[in-house]
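Comments concern the structure below.
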Amino acid sequence: MHYSELGLVNTNNMLSTALKKGYAVPAFNFYNMETLQAILEASRITNSPIILAVSESALKYMTDDILIGMISGAQYKIGKIALHLDHGHSVEICKHAIDMGFSSVMFDGSALPLEKNIELSKKVTQYAHKFDVSVETELGVLHGIEDKNTKSDYSSYTNPDIVKDFVKETKTDSLAIAIGTAHGAYKRQTDSAKLRFDILQKIAQNIPHTPLVLHGASSIPNQFVSKINKFGGNIQHAKGIPTNQLRKAIMGHITKINVDSDSRLAFTSAVREQLYKNKKSFDPRDFLQIAKESITANCVNEIRTIMKSGN
Ligand code: G3H
Ligand code: 13P
Ligand code: ZN
């Protein structure tokens with residue numbers, strides 16, 4: 001199925017507008033009906049464009065048919081919603097997502113030798129562009145757990161000297177870069193650790209027209225971590241990217257901000273609190289409704305205070 005039949009758009013217009021106007025488009029990950037509904041509700045409230053991000057493992061979890069069924073039944077198709085494969089690790093999975101109805105794919109060849117990354121990224125853009133699907137690629141490796149298929153224990157910043165040729169060769173529509181963010185809830189070693197704005201600046205100078213993507217951009221709000229710990233959880237030393245650094249990155253050319261961990265924390269903290277407080281309830285809708293509202297409120301807040309992509 002082509003994505004236009006699902007009322008979706010690719011990310012090209014939304015990102016080029018964001019680049020021109022100096023804000024960022026949020027990419028929020030989802031993996032079930034509740035997380036999808038919660039994110040769409042945030043988009044409706046703020047009138048913000050939204051990139052619905054699905055990792056390979058999330059796709060496996062939801063299954064192709066259920067995912068497409070949910071997307072085609074979603075209410076808020078206002079022409080500003082993209083369905084994006086997050087961290088596609090093979091040409092095949094990217095092609096599969098495009099054939100299913102995704103309007104955008106990320107080919108993540110960041111762990112490959114440069115030549116191989118270029119070769120495979122090119123294959124993905126050649127296929128995707130035939131269907132007007134947008135493509136994100138990656139240069140540089142983030143610290144932490146990228147997803148269940150990509151684990152890296154080191155961080156190698158994006159080399160600004162190679163981005164221009166990479167973009168030219170691959171014809172990628174946007175580029176994910178490594179400037180010190182990390183996936184998951186354990187990002188910075190110290191409170192003073194800063195993103196490498198010097199590297200960002202050089203990259204932006206070298207490819208001023210290419211939207212830049214920041215993965216691992218959750219701010220890990222302390223309220224969620226505290227609530228999880230208060231109601232029976234045990235999450236220690238969690239640290240996110242401070243909001244002011246995310247703002248600085250957006251002012252410095254970042255046009256897509258990826259957030260997954262914050263939504264997971266928003267969801268889990270609400271579930272823990274509800275289950276703890278309502279010991280007699282056993283209708284999952286009681287806590288799932290509150291969990292959805294918790295994600296929506298956090299997404300709305302981040303759209304308003306960090307991405308500034310909506311009202
Ligand atoms: O960057 C990766 C996302 O947070 C997805 O993670 O594979 O656990 O769904 P996941
Ligand atoms: P976080 O773990 O910081 O939410 O990053 C999510 C991400 O980069 C998804 O691609
Ligand atoms: Zn990511």
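Start at 1 with the first residue, then count along the sequence. Note that this is a predicted model, so its numbers are computed, not measured. In each ligand, atom 1 is the first atom listed, and ligand 1 is the first ligand listed. Scope of the values below: all heavy atoms of this structure, side chains included, with no hydrogens, waters or symmetry mates.
With a 6.0 Å cutoff to the six-membered ring centre and a 45° limit on the axis angle, K280 does not count as a cation-pi contact of F282.
Set against the non-hydrogen atoms of H215, the atoms of ligand 2 under 4.0 Å away are 8 (O), 10 (O). Listed by number with element, the atoms of ligand 2 under 4.0 Å from a non-hydrogen atom of H87 are 10 (O). Taking a cut-off of under 4.0 Å to the non-hydrogen atoms of R264, the atoms of ligand 1 that pass are 4 (O), 5 (C), 6 (O), 8 (O), 9 (O), 10 (P). The atoms of ligand 2 that sit less than 4.0 Å from any heavy atom of H183 are 2 (O), 5 (O), 6 (C), 7 (C), 8 (O), 10 (O). For ligand 2 and D86, the ligand atoms under 4.0 Å from any heavy atom of the residue are 9 (C), 10 (O). Within the listing of ligand 1, atoms 7 (O), 8 (O), 9 (O), 10 (P) sit less than 4.0 angstrom from a heavy atom of S57. The ligand atoms of ligand 1 that sit less than 4.0 angstrom from a heavy atom of S55 are 5 (C), 7 (O), 9 (O), 10 (P). Against a heavy-atom cut-off of under 4.0 Å, D260 is close to the following atoms of ligand 1: 3 (C), 4 (O), 5 (C), 6 (O). Distances below 4.0 Å separate heavy atoms of N29 from the following atoms of ligand 2: 9 (C). Of all the atoms in ligand 2, the ones that sit under 4.0 Å from a non-hydrogen atom of K187 are 1 (P), 2 (O), 3 (O).
Side-chain atoms of D99 and Y127 form a donor-acceptor pair, as typed in the model, at a separation below 3.5 Å. Judged purely by distance below 3.5 Å, without hydrogens or angles, the side chains of D262 and S219 pair a donor atom with an acceptor atom. Between the side chains of N278 and D286, no donor-acceptor pair of N or O atoms lies under 3.5 Å. Side-chain contact of N47 with K80: a donor-acceptor pair under 3.5 Å is present, judged by distance alone. D108 and S110 share a donor-acceptor pair across their side chains, judged by distance under 3.5 Å alone. Between S121 and T170, the side chains place no donor N or O within less than 3.5 Å of an acceptor N or O (distance only, hydrogens not considered).
When heavy-atom distances to ligand 2 are checked against a 4.0 Å cut-off, T181 has no atom that comes that close, whether in backbone or side chain. The part of H87 lying near ligand 1 is the side chain, judged by heavy-atom distances below 4.0 Å.
Using a 4.0 Å cut-off between charged side-chain N and carboxylate O, K122 and E119 make no salt bridge. Salt-bridge formation is not detected for the pair E41/K292: no Lys NZ or Arg NE/NH1/NH2 atom is positioned less than 4.0 Å from an Asp or Glu carboxylate oxygen.
The shortest separation from a heavy atom of H183 to ligand 1 is under 4.0 Å, placing the residue in contact. A heavy-atom separation below 4.0 Å is not found between M106 and ligand 2.
Distances from atom 8 (O) of ligand 2 to the heavy atoms of S261, G216, A217 show the closest one on G216. One option in G240, S263, S218, S55 has a heavy atom closer to atom 4 (O) of ligand 2 than any other, and that option is S218.
Distances between N or O atoms of V259 and those of ligand 2 include no value under 3.5 Å. Not one N or O of D262 is nearer than 3.5 Å to an N or O of ligand 2, by distance alone.
Using cut-offs of 30° and 60° on the angle between ring planes, the pair F131 and H2 is tilted. Aromatic ring orientation, H215 versus H183: perpendicular (interplanar angle above 60°, classes split at 30° and 60°).
Closest non-hydrogen pair, C94 versus G88, comes out as SG-CA, 4.3 Å.
The angle H183:NE2 - the Zn ion (ligand 3) - H215:ND1 amounts to 120°, with values rounded to 10 degrees.
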